[in-house]
Amino acid sequence: MPTGQTGLHDVAVASNERVAEKLFRIVLSAPELASGLRAGQFLEVAVPGDASQILRVPLSFSRADAKAGSVEIIYALVGDATRRLSRMVPGDAATVVGPCGNPWRVRPGQLRAALVSGGVGVTPIVACAGMLADAGVPFDAVVGATDASRLWGADELRSLGASEVVLTTDDGSAGLRGVTTDGLRALLAGRAYDEVYACGPEPMMAAVARLAHEAHVGCQVSMERMMSCGFGACGTCNVALASGGYASACKDGTVFDAEEVAW
Amino acid sequence: MPTGQTGLHDVAVASNERVAEKLFRIVLSAPELASGLRAGQFLEVAVPGDASQILRVPLSFSRADAKAGSVEIIYALVGDATRRLSRMVPGDAATVVGPCGNPWRVRPGQLRAALVSGGVGVTPIVACAGMLADAGVPFDAVVGATDASRLWGADELRSLGASEVVLTTDDGSAGLRGVTTDGLRALLAGRAYDEVYACGPEPMMAAVARLAHEAHVGCQVSMERMMSCGFGACGTCNVALASGGYASACKDGTVFDAEEVAW
Amino acid sequence: MGARSVSMAVDLGGVRMKNPVCTASGTFGFGSAFEGFFDVGRLGAITTKGCSAEPWQGNPAPRMCEVPSAMMNTVGLANPGVCGVVEGQGAYLADLEGRGCRVIFQVAGHSVEEYAAAVELAEEHAPWASAFELNVSCPNLARGGALVGGTPEDASEVVRAVRPRTSRPLLVKLAPVRVAEVARACEDAGADALSLINTISGMSLDVHTRRSRLSRPTGGVSGPAIHAIAVRMVWEAAHAVSIPVNGMGGVAGVEDAAEMILAGATAVSVGTANFYDPTCASRLVDGLAAWALEQGVTTINDLIGAAEC
Amino acid sequence: MGARSVSMAVDLGGVRMKNPVCTASGTFGFGSAFEGFFDVGRLGAITTKGCSAEPWQGNPAPRMCEVPSAMMNTVGLANPGVCGVVEGQGAYLADLEGRGCRVIFQVAGHSVEEYAAAVELAEEHAPWASAFELNVSCPNLARGGALVGGTPEDASEVVRAVRPRTSRPLLVKLAPVRVAEVARACEDAGADALSLINTISGMSLDVHTRRSRLSRPTGGVSGPAIHAIAVRMVWEAAHAVSIPVNGMGGVAGVEDAAEMILAGATAVSVGTANFYDPTCASRLVDGLAAWALEQGVTTINDLIGAAEC
Ligand SMILES: Cc1cc2nc3c(=O)[nH]c(=O)nc-3n(C[C@H](O)[C@H](O)[C@H](O)COP(=O)(O)OP(=O)(O)OC[C@H]3O[C@@H](n4cnc5c(N)ncnc54)[C@H](O)[C@@H]3O)c2cc1C
Ligand SMILES: Cc1cc2nc3c(=O)[nH]c(=O)nc-3n(C[C@H](O)[C@H](O)[C@H](O)COP(=O)(O)OP(=O)(O)OC[C@H]3O[C@@H](n4cnc5c(N)ncnc54)[C@H](O)[C@@H]3O)c2cc1C
Ligand SMILES: Cc1cc2nc3c(=O)[nH]c(=O)nc-3n(C[C@H](O)[C@H](O)[C@H](O)COP(=O)(O)O)c2cc1C
Ligand SMILES: Cc1cc2nc3c(=O)[nH]c(=O)nc-3n(C[C@H](O)[C@H](O)[C@H](O)COP(=O)(O)O)c2cc1C
Ligand code: FES
Ligand code: FES
């Protein structure tokens, strides 16, 4: 199997714990996989237990440690598959299809980046922070959630080198009362950026894209879709393009230049 | 709800352990249910976990302790539902429909009974032994299995008062090499019986019925069928009658006089 | 939302139900087996097992096997005949009507004449029945076992033959075959309402013995696996006719039932779920009311066919 | 049993496959996406995504939702057109043929003329294709969106129009509608083999928003939930015609595939399982051989239609 090509991997749960309200962190022991992953890619995880839910669950990763052979995923409890995932214990086995999708891009000579994470969009944003740190690109971040209990990631982003992390919550229970675009507006007002990286609910990403466009700053977004396969075989993950027609979220994305997307 | 009428009950696992090769004993804490059960009846257990297997699992019980509020079931590992059942741990919740079916019958003035159990047919046979002990009817038993590793129940039957327990295995690895009818023939040769109670694979019960018939001894059998409901609503559990037509295993049985059944 | 109340009564082609919840034929016995689980009188209606003029024994064992998210059966419409049912269950069913739960008496036959005969018997001996339902998914023995209602022409013929024999509401239970066409034919022939879908014919083989896992080559698939297919067929039928539809197929919870209503069903029947979740129908009564409240309507009728797509 | 070997080669209407394992159109891309999972050259054949004369964009998102033991899709036959495929995938597909895996090129259209045009293009530009498959489950735009092959007459018309345009084997992929009748019509019109079943039309509604969970009111149900229905339809089709059948629908393991063969399928295609279990088809190659050995035959052909029921 050529390196980096999407393949099937046996993994084992190394740890799995709650990190915030309805938010979990799982670490998978997956040596083969860990060494081939690049920030912004995702995995298709088969969560065992219930044969009535046939498809794998698409999940981004937040860290891939080639040396330790481990992959970390931050995931939200939303339905049956993620509930079953949250009940897996160290030693439990699963299979993963990956790497899926394309990584975030760092442009040569990039000066400073702004990261924007809404809700569980934090997973690939943490991975992005790791990538920028490795590339020596300074960055700041906005982390938003509905309320304080679900807010997670500021510490990780700081420890990865974020100079400034703005928190926002819908209800003001932590950080700014407002949405992530309010946070991004504050960042843009304070410093000069040449790239925004965003992941979160689609309306949020659309608003971030607009803001970046107005500020003449590049913007990459990671698009979610209902996905059947994750590796380009099914055609169910279409993203409408500004140029007309569709791209595949899983094969052409999930990272897109915000300008490419028909919001 | 009238006493004894089939109803829906919440239960919790009290214990669950392997007792022989692919054979498990589970004890359910089920106070309401335990007090209404009579030997030979069965339960329909919803084993949680896999929504693709929609139906409940029909299982006989071996002991119902009204005081302790507990019900014991001996079950074999055969497929997915019983595998999931075997993984349940104390405290796990489930629901049970029961009591289902009709009990073994003790005729007034009954003198001595022979119990015949093949494989996992041992479950209602242990319950039958308890019933006979309570009724003061002396009994002996034959317990058969494919090989020694799967043989279970002799100790329970003895502790419930069996005067003699004959073991048979297909391969001779324990007890007589042969089938349960060989054991029954040995019992019939030694003592006088006025009733045989049998549960096991259908060809075995047919052979036991023939033997009992030839020996002019009454014979009750507990019939298994693929069952959708267990309480007379679906019509899928039909047993062909000697008199023509069909009876419901779950509603008219599972205990039948062997003479009624068209083998 | 404040304390509002929603009217749950619906009219299924003349069957006035206090709520839209019904049970599917052959999955609820004749009702009494469920009294240990809940007060059956709470339901809008129940449908009896399909009854023929003469008793039918049905097929040999095994009559059931499991498949993913479903079961298959080949019970073969075993029933004690109209008179056997009237005798054994009549008192209970009459009482159930008195408790406000409508009894839909289903009839079956192997030929047009047998349907007519069954309805005549039931018309005479089952005065308590609120309506009759013709199960046109039975094999027509005179036509080599083709479904009685497998084509618009055949379905029309049986409905026309039965229609003059009763003035009570007449429902037709459709096979999941050419639904829109057959629905229109039944409406034209005088049906007051349609029930659908019946089980979908399937086959399950034991690959070691090379034999069917049932006593017949094929059996009817029912349960959650057929739900999405059933919703689509209910939607098609509801668009094809102006008489009301009783929707069923894999209904196992409130959302499944609500989907049926949005797709155009006036009533919703619980089938296979009765076997493994015997309080399901009772829960739907409350669950649908809560959903209607959440949807901000004052009568459940405002949600019938209200899917926006 | 001792060391015996079983011949696994089958002839699907002129498509000579080294083993009966194929992949279903639209579930395997154009093959190359699976090379990271196994050597695609091991398969008997693959079927390409349905390709039209001109590129089709397909439907808006969301195109997929999950239902019990199944998924639903409304991809809408998005494809880059015959020429786009030839250009982008031709080299890989020609090489795959060289590796011994037959390539079945599927064509789609919205009218009889569009099918003819697509086949003509493919006939000219895809010399490597072993066969063509007509997907007659597309909506016929001139007939208000009725399926191109929903009736025997309509299916016959498209097959007759295409037949003279190629001398390569011509397969017809049937919708799960009136299967026996349509199968006979296709055979009479000159089809060399039949593939079935396509997805079953279903509907899934979000009961809170009252909208379809897809961008269209309905979508196609596929996966284990439809398997028993598919086996029955394959059995019906195989009994109705004398040309070979390529069976599919919910095949997710060796036993599912073996059921198809016993029911009368000469080849078996893996569909939805490719998405969640991407090595499935490869495992079937070995698994079916082991099953044939266990069944004591010397050629898998002895098991085709060998169900005893
Ligand atoms: C490329 C990609 C990367 C993702 N990365 C992460 C991640 O790192 N962490 C994380 O927590 N989640 C992530 N998701 C979302 C995750 O896949 C869904 O939350 C999960 O599939 C829900 O499964 P479930 O069975 O628990 O819930 P379900 O019962 O399937 O659904 C519950 C709710 O979630 C919605 N939902 C289901 N699937 C998706 C989906 N694919 N995208 C959006 N909403 C969905 C449903 O519409 C429904 O309302 C990602 C999704 C994609 C496509
Ligand atoms: C009234 C009654 C009482 C029973 N009591 C007991 C008991 O006390 N202890 C016990 O271990 N088992 C008992 N059984 C059998 C038990 O129900 C089955 O073993 C169980 O349903 C298998 O489920 P599964 O999902 O594990 O296996 P599956 O995967 O469903 O089946 C595995 C194999 O078991 C066979 N099987 C499945 N269901 C039945 C069934 N109902 N009867 C016979 N064979 C079946 C299948 O044909 C298949 O070959 C009883 C069955 C009935 C009808
Ligand atoms: C065991 C069984 C018996 C049935 N008997 C009948 C019947 O007598 N008449 C009838 O019209 N439908 C009968 N049906 C079909 C159901 O009424 C219902 O239409 C079908 O099962 C689909 O609904 P479900 O998926 O909720 O079960 C039967 C179904 C099952 C499972
Ligand atoms: C996402 C998706 C796309 C499909 N595209 C096509 C297609 O282009 N042409 C076609 O004939 N069938 C198409 N099908 C149907 C499959 O080929 C197959 O007939 C069907 O899914 C049943 O098999 P399964 O249950 O194994 O998936 C598609 C199915 C799916 C799930
Ligand atoms: S998820 Fe299958 S092509 Fe993208
Ligand atoms: S199992 Fe349903 S009637 Fe016996």
Under 4.5 Å from a heavy atom of chain D, the part of [X] involved:
X	value
C:A70	neither
C:R216	neither
C:L214	neither
C:S212	both
C:M72	side chain

What is the minimum heavy-atom distance between [X] and [Y], and which atoms define it?
X	Y	value
D:A306	C:R210	O-CD, 3.8 Å
D:C309	C:P217	C-CG, 3.8 Å
C:A263	D:L205	N-CD1, 4.0 Å

Contact check, side chains of C:S204 and D:E259, non-hydrogen atoms, under 4.5 Å: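 Touching, per the 4.5 Å side-chain cut-off.
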Sub-4.5 Å side-chain heavy-atom contact between D:W235 and C:T218: yes
Interface residue of largest heavy-atom contact number with chain C, from D:I200, D:V67, D:V177, under 4.5 Å: D:I200
Largest heavy-atom contact set with chain C, pairs under 4.5 Å, which of D:A228, D:A225, D:G219: D:A228
Part of D:I261 within contact of chain C (heavy atom distance under 4.5 Å):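 No part of it gets close to chain C.
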Under 4.5 Å from a heavy atom of chain C, the part of D:V207 involved: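 Answer is both: backbone and side chain atoms of D:V207 are under 4.5 Å from chain C.
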Interface residue of largest heavy-atom contact number with chain D, from C:E255, C:R211, C:H227, C:R178, under 4.5 Å: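 The candidate making the most pairs under 4.5 Å is C:R178.
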D:H208 backbone acceptor or donor facing C:Q295 side chain under 3.5 Å: yes
Residues D:R232 and C:S201: side-chain donor-acceptor under 3.5 angstrom: yes
